[in-house]
Every structure is written in C-alpha cells, then in structure tokens.
Amino acid sequence: MLQNHKADAVMTETYRDALANRFQSAVPFANTCKMQITRIDVGAVEMMLPYRDEWLGDAERGLIHPGIVTALVDSACGSAVLSQFDSYEPVATIDLRMDYLRPALRPLDVICRAQCTRITQTIAFASATVWQIDADTPIATSQAVFMRSSRRLRERT
Amino acid sequence: MTTRLQRARRLARDEGSYSELLALVPFARFLGIELDGEGSGVTARLPFRAELVGNRQANALHGGVTAAFMENAALLELMLRLDLDRVPKSIDFSIDYLLSGRAEDAYARCEISRVGSRVAHAVVRCWQQQESMPIAVARAHFLLAALE
C-alpha cells in the first residue's frame with residue numbers, strides 16, 4: 001500500500017517535471033519569448049520572461065508593454081491549472097483580468113507567480129502576481145478562469 | 001516642440017500612414033501588427049505566423065497573444081484619436097474569450113467609450129473569419145496624464 005502510494009507520488013512528480021521541461025516545445029509562443037517555468041508545485045508555478053527591448057510599449061520612457069505581461073500571466077495561470085492535474089488535459093481560458101499596479105521597467109526580467117485557487121469538474125480558477133525585483137512590490141495582479149475539456153469530463157465520470 | 005507621437009499622429013491622420021505610429025511601440029512591431037483603414041474605421045490586423053501559436057497540438061493562437069493584440073489595438077486607437085503627447089498607461093484590462101483562436105490572421109477594432117480628463121475607457125472586439133463572430137471581447141481603462 002505504502003509502496004503504491006510512493007509510486008504514485010513519483011509518477012505525479014514526473015508529470016509536473018515534464019510540464020516544466022516541455023513547456024517551450026509545447027507552446028511555440030513561449031519559445032518565441034523564451035518564457036520558462038522556474039518553479040512548479042501542485043497547483044502553483046513561477047514563470048520568468050527574460051527582458052528584451054522588443055517588449056517595450058513606450059520606448060521613450062522605457063516602459064514594458066502591458067500586453068506582454070498579460071501574455072505571461074495567461075501562460076502562468078494556465079500552467080498553474082495544469083500543475084493541479086495528475087496527467088495532461090487541455091484547458092481553455094474563459095476570461096482574464098489584469099490590474100497594472102505599477103509600470104514594468106526596462107531592463108528588468110518579469111516574474112509571475114500563479115496559483116490555481118479552485119478546481120471543479122468543468123471550471124478552474126487561478127490568480128497571479130507579477131513583479132520585477134521584489135515579490136512584495138508587484139507590478140500587476142490578475143484573476144483568470146479556465147474551462148476543462150468536455151472529453152475528459154466524460155472519461156472522469 | 002513637436003513630439004514623435006504628435007508627428008506620427010499627423011502622418012496617420014493626414015496621410016493614412018501608420019508606420020511612424022507603430023514604430024513608437026516596439027512590442028506592436030514584435031507582434032507584427034498592421035493598421036488599415038481611414039477616418040473612424042481603423043482596423044488592426046495581426047498576420048498569422050507559427051511563432052504566435054499557444055498549443056502546438058491544437059495549432060491555436062495563444063490566448064495571451066490575442067489579449068496582447070487587443071491591448072495594442074486599444075492603445076494605438078487612443079494614440080491616433082486623442083491629442084496626447086505621451087503613450088497612455090494601462091490601468092486595467094479584462095478579456096472574455098468566446099471562440100478558440102485559429103491559425104489564421106486576426107483583426108481588432110476598438111471603440112473609445114469615454115474620455116475623461118485623466119482616464120479613458122475602451123472596448124475592443126477581435127475576430128478572424130467574420131466580424132460578426134468575435135473570438136474575444138475586452139474592455140480596458142487607460143491613464144492619459146500622469147498623476148504626480
């Protein structure tokens with residue numbers, strides 16, 4: 001019994017490691033931007049976007065465009081939901097809301113911590129915080145909702 | 001003194017040439033956004049390319065790309081319509097996804113609902129095959145003047 005439990009834990013670990021390791025190859029846009037999962041736990045991920053001048057929305061003032069921050073948050077929240085599962089199943093974003101608390105500045109990387117806050121048969125809720133230097137001084141917070149695939153729902157029930 | 005934004009806006013309004021305006025926003029150029037149309041009917045276009053895909057298996061447009069494209073469409077519309085001397089700052093942005101984005105070009109149109117002295121509100125629609133079947137709708141607030 002105990003051994004079986006251990007074997008399950010190892011398998012679950014492998015699935016999450018695979019999520020992090022194959023993230024860029026499975027998500028072409030993440031590869032384009034070199035977004036990477038820097039930490040993964042059950043229902044929580046940390047994702048990093050390395051700085052590039054191409055992210056600027058206001059080159060004169062050196063401000064990063066909010067759109068690339070939104071793209072990072074969407075990826076991080078989706079990954080946080082996937083990390084809650086025991087095996088891969090597709091999810092689709094239903095809605096996402098961003099609050100831009102502070103401007104994101106040149107030339108700093110952007111880090112997002114996302115967690116899955118509640119999961120049901122059909123829906124998954126996630127929230128995220130984004131920062132550059134200090135996690136206690138966030139540049140953005142976000143809430144997102146995802147839909148699980150109906151095919152998997154039929155298999156689950 | 002004429003700022004780059006003022007010069008870009010004049011070129012866009014008077015000659016329908018949007019390259020100067022897009023040049024002010026490096027991230028819009030990175031995504032490959034184009035602006036078409038004149039007067040009140042400017043449409044933003046996101047030409048499809050494989051690097052914008054969010055799921056290799058499903059070959060669907062990345063949801064974050066759709067959001068970023070719509071946020072750009074709103075910002076560019078504000079820069080074009082209003083007599084600002086700086087790029088507006090985003091306050092918040094909220095998107096509802098209606099259909100999965102396909103591996104093809106996307107279009108967006110922004111409507112500025114209200115312009116106050118400091119804050120503007122905008123609504124954006126994004127579609128692919130038919131304008132009447134949006135893949136996403138979004139709303140956003142922008143700060144027009146820095147609060148010192």
Trainee: With a 4.5 angstrom heavy-atom cut-off, which part of Leu75(B) approaches chain A: side chain, backbone, both or neither?
Mentor: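 Just the side chain, heavy atoms under 4.5 Å.
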Trainee: For Phe30(B), which atoms come within 4.5 Å of any heavy atom of chain A: side chain, backbone, both, or neither?
Mentor: side chain
Trainee: Please determine whether a side-chain nitrogen of the Lys or Arg among Glu60(A) and Arg4(B) lies less than 4.0 Å from a carboxylate oxygen of the Asp or Glu.
Mentor: no
Trainee: For atom CD of Glu131(B), decide whether the heavy atoms of other residues, nucleotides or ligands shown that lie under 6.0 angstrom number more than 12.
Mentor: yes
Trainee: Does the side chain of Ser17(B) pick up a donor-acceptor pair with the side chain of Glu15(B) at under 3.5 Å?
Mentor: no
Trainee: Would you check if Arg102(B) and Gln129(B) make a side-chain contact, meaning some heavy-atom pair closer than 4.5 Å?
Mentor: yes
Trainee: Identify which of Cys33(A), Ala26(A), Ala59(A) forms the greatest number of heavy-atom pairs closer than 4.5 Å to chain B.
Mentor: Ala26(A)
Trainee: Checking Tyr100(A) against Thr70(A): is there a side-chain donor and acceptor pair closer than 3.5 Å?
Mentor: yes
Trainee: By a 4.5 Å heavy-atom criterion (distance strictly below it), what part of Arg139(B) contacts chain A: side chain, backbone, both, or neither?
Mentor: side chain
Trainee: Non-hydrogen atoms of chain B under 4.5 Å away: do they reach the side chain of Leu63(A), the backbone, both or neither?
Mentor: side chain
Trainee: Of the backbone (N, CA, C, O) and the side chain (C-beta and beyond), which part of Asn31(A) lies under 4.5 Å from a heavy atom of chain B, both, or neither?
Mentor: neither
Trainee: Is a donor from one side chain sitting under 3.5 angstrom from an acceptor on the other, for Arg113(A) and Thr129(A)?
Mentor: no
Trainee: State whether the side chain of Trp55(A) and the backbone N or O of Arg106(A) hold a donor-acceptor pair below 3.5 Å, judged by distance alone.
Mentor: no
Trainee: What part of Ile95(B) gets closer than 4.5 Å to chain A, counting heavy atoms only: side chain, backbone, both or neither?
Mentor: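 Its backbone and side chain both get close to chain A.
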Trainee: Of the backbone (N, CA, C, O) and the side chain (C-beta and beyond), which part of Leu24(B) lies under 4.5 Å from a heavy atom of chain A, both, or neither?
Mentor: backbone
Trainee: Between chain B and each of Ile94(A), Val69(A), Val145(A), count heavy-atom pairs under 4.5 Å; write down the option with the most.
Mentor: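 Ranked by contacts with chain B, first place is Ile94(A).
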Trainee: For a 4.5 angstrom cut-off between non-hydrogen side-chain atoms, does Leu11(B) reach Asp14(B)?
Mentor: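 No - every pair of side-chain heavy atoms lies 4.5 Å or more apart.
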Trainee: For each of Gly67(A), Gly78(A), Ser75(A), Pro28(A), tally heavy-atom pairs with chain B at distances under 4.5 Å, and name the one with the top tally.
Mentor: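 If we count pairs closer than 4.5 Å to chain B, Pro28(A) comes out on top.
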Trainee: Which of the residues Ser142(A), Ala144(A), Ser25(A) is involved in the greatest number of heavy-atom pairs with chain B at under 4.5 angstrom?
Mentor: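 Ranked by heavy-atom pairs under 4.5 Å with chain B, first place is Ser25(A).
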Trainee: Quick one: what part of Ala50(B) sits under 4.5 Å from any heavy atom of chain A, side chain, backbone, both or neither?
Mentor: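 It is the backbone, since no side chain atom gets that close.
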Trainee: Go through Leu52(B), Val65(B), Val87(B) and name the one with the most non-hydrogen pairs under 4.5 angstrom from chain A.
Mentor: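 Of the candidates given, the most pairs with chain A belong to Val87(B).
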Trainee: With respect to chain B, which residue among Leu96(A), Val27(A), Asp99(A) yields the maximal number of heavy-atom pairs within a distance under 4.5 Å?
Mentor: Leu96(A)
Trainee: Quick one about His65(A) and Asp58(A) (side-chain donor to acceptor, distance below 3.5 Å, no hydrogens or angles considered), yes or no?
Mentor: no
